[in-house]
Amino acid sequence: MPELPEVETVRKGLEHLVKGKKIKDVAIFWPKIIESPNSEDFKTQLVGEEILDIDRRGKYLIFKLTHFDMISHLRMEGKFEYHKGSDPVMKHTHVIFKFSDETELRYLDVRKFGRFVLVPKDTSQIYKGLQKLGPEPTEEAFLLKGFEQELKKRKKPIKPLLLDQTLVTGLGNIYVDESLFRAGIHPEQEANTLTKKEIALLHREIIAVLGEAVEAGGTTIRTYQNALGDAGNFQVSLMVYGQNGESCPKCGAEILKKKVAQRGTHYCPHCQIYRVRRG
DNA sequence: AATACTACCTGCGTGC
DNA sequence: TGCACGCAGGTAGTAT
């Protein structure tokens with residue numbers, strides 16, 4: 001489900017609802033959701049832990065516990081719901097964290113792609129998935145100079161390059177299409193053919209679009225009641241994602257959709273022109 | 001090392 | 001209605 005703005009919105013919701021809660025028990029209905037340790041140890045180690053804080057790095061949530069860091073990735077469709085223990089357990093619920101006050105944090109995931117990992121306290125940065133991440137998409141962390149140097153070295157199309165999280169973290173299929181549109185760059189333009197000017201614009205638009213989406217509480221596409229972080233309204237600000245067949249907000253041309261690196265890709269054929277041999 | 005493709009899952013809409 | 005197929009906000013593993 002989520003890209004950085006949605007995960008950040010979930011983080012804020014969790015901070016509000018479960019910070020300070022003590023874990024009394026854990027129920028696991030789909031053990032593969034637990035990447036490590038094995039689901040039995042995962043449960044045993046969590047009992048008695050208190051949720052001290054909830055951090056985020058890229059699209060990962062990091063629950064800071066008494067003796068552990070619990071890393072959570074929602075992948076495509078993972079979501080958290082906060083419930084009373086007496087509430088009926090809905091379909092697609094795979095993990096339940098039961099608190100000492102008889103409330104529960106439930107993890108639901110239709111496609112079961114999401115993962116949990118438990119590591120010793122303050123060692124989350126060693127986890128492989130977090131280690132590979134590039135800088136957060138902020139002015140302070142994401143530097144134009146480094147971005148430009150990396151792009152010069154890569155010849156793969158810019159869209160899949162931005163999706164791999166190593167140059168900058170947080171973009172997914174929605175915001176990468178929005179960033180490229182706003183910067184006027186074709187999604188298949190090879191990274192090493194981008195001009196200095198285009199790179200600077202792209203850098204600025206990535207930071208801007210993700211920042212605006214965080215402010216809006218993320219984008220809500222499919223609505224699921226009760227899920228933390230589903231109240232975002234950035235979908236009203238999307239300029240190309242899901243807009244195929246509509247008019248380009250800049251020039252009026254028809255927004256097209258095509259496959260790029262196995263992902264549905266939305267773009268304006270007039271504002272985002274592919275050019276051969278540049279840079 | 002960089003790149004490309006596939007697996008992991010379920011549900012929904014479309015077309016025959 | 002039934003069924004096959006493509007598609008969905010992501011990443012890790014494998015092969016080249």
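Lettering of chains follows the sequences in order, A, B, ..., and the numbering in each one begins at 1.
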Rounded to whole angstrom units, what separation is found between the [atom1] atom of [X] and the [atom2] atom of [N]?
{"X": "Leu74(A)", "N": "dA8(C)", "atom1": "CG", "atom2": "C1'", "value": "15 Å"}
{"X": "Lys132(A)", "N": "dA2(B)", "atom1": "NZ", "atom2": "P", "value": "12 Å"}
{"X": "Glu188(A)", "N": "dT3(B)", "atom1": "CD", "atom2": "P", "value": "15 Å"}
{"X": "Leu163(A)", "N": "dA12(C)", "atom1": "CG", "atom2": "P", "value": "13 Å"}
{"X": "Arg263(A)", "N": "dA8(C)", "atom1": "CZ", "atom2": "C1'", "value": "9 Å"}
{"X": "Leu167(A)", "N": "dT3(B)", "atom1": "CG", "atom2": "C1'", "value": "14 Å"}
{"X": "Glu35(A)", "N": "dA12(C)", "atom1": "CD", "atom2": "P", "value": "8 Å"}
{"X": "Phe29(A)", "N": "dC9(B)", "atom1": "CZ", "atom2": "C1'", "value": "19 Å"}

Among [options], which nucleotide has an atom closest to any side-chain atom of [X]?
{"X": "Lys112(A)", "options": "dA4(B), dC9(B), dA8(C)", "answer": "dC9(B)"}
{"X": "Lys91(A)", "options": "dT11(C), dA8(C), dG11(B)", "answer": "dG11(B)"}
{"X": "Lys128(A)", "options": "dG13(C), dG11(B), dG10(C)", "answer": "dG13(C)"}
{"X": "Lys156(A)", "options": "dG13(C), dT3(B), dA12(C)", "answer": "dT3(B)"}

(Q) Can you confirm if the aromatic rings of His94(A) and Phe29(A) lie within a centre distance of less than 6.0 Å? (A) no
Q.
Just checking Phe80(A) against Phe97(A), ring centres under 6.0 Å apart?
A. no
Q. Between Trp30(A) and Pro160(A), which is nearer to the 5' end of DNA chain B once each is assigned its nearest nucleotide?
A. Pro160(A)
So what does [X] touch, heavy atoms closer than 4.0 Å: a base, only the sugar-phosphate, or nothing?
{"X": "Gly218(A)", "answer": "nothing"}
{"X": "Arg154(A)", "answer": "sugar-phosphate"}
{"X": "Lys153(A)", "answer": "nothing"}
{"X": "Phe234(A)", "answer": "nothing"}
{"X": "Gly114(A)", "answer": "nothing"}

Q: Would you kindly compare Val7(A) and Leu130(A) by the position of their nearest DNA chain C nucleotide and give the one closer to the 5′ end?
A: Val7(A)
For [N], take OP1 and OP2 only and decide whether either is under 4.0 Å from a side-chain N or O of [X].
{"X": "His92(A)", "N": "dC9(B)", "value": "no"}
{"X": "Lys155(A)", "N": "dT3(B)", "value": "no"}
{"X": "Lys257(A)", "N": "dC7(C)", "value": "no"}
{"X": "His73(A)", "N": "dG10(C)", "value": "no"}
{"X": "Lys32(A)", "N": "dC9(B)", "value": "yes"}
{"X": "Gln262(A)", "N": "dT6(B)", "value": "no"}

Q. Do the rings of Tyr107(A) and Phe116(A) sit parallel, tilted or perpendicular, given the 30° and 60° boundaries?
A. perpendicular
Q) Which value, in whole Å, describes the distance between the P atoms of nucleotides dC9(B) and dC3(C)? A) 24 Å
Q. Roughly how far apart, to the nearest Å, are dT1(C) and dT10(B) at atom P?
A. 25 Å
Q: Please determine, by modelled atom types, if Thr219(A) and Tyr175(A) share a side-chain donor-acceptor pair under 3.5 angstrom.
A: yes
Q. Would you say the side-chain atoms of Thr265(A) and Lys259(A) include a donor-acceptor pair closer than 3.5 Å?
A. no
Q | Watson-Crick or G-U counterpart of dC9(B), or none if no pair lies under 3.5 Å | A | none
Q) Are the ring of Phe113(A) and the base ring of dC9(B) both nearer than 5.5 Å at their centres and tilted by less than 30°? A) no
Q: Answer yes or no: is there a side-chain heavy-atom contact under 4.5 Å between Phe147(A) and Phe142(A)?
A: yes
**Q.** Side-chain heavy-atom pair Leu256(A), Asn244(A) within 4.5 angstrom cut-off
**A.** no
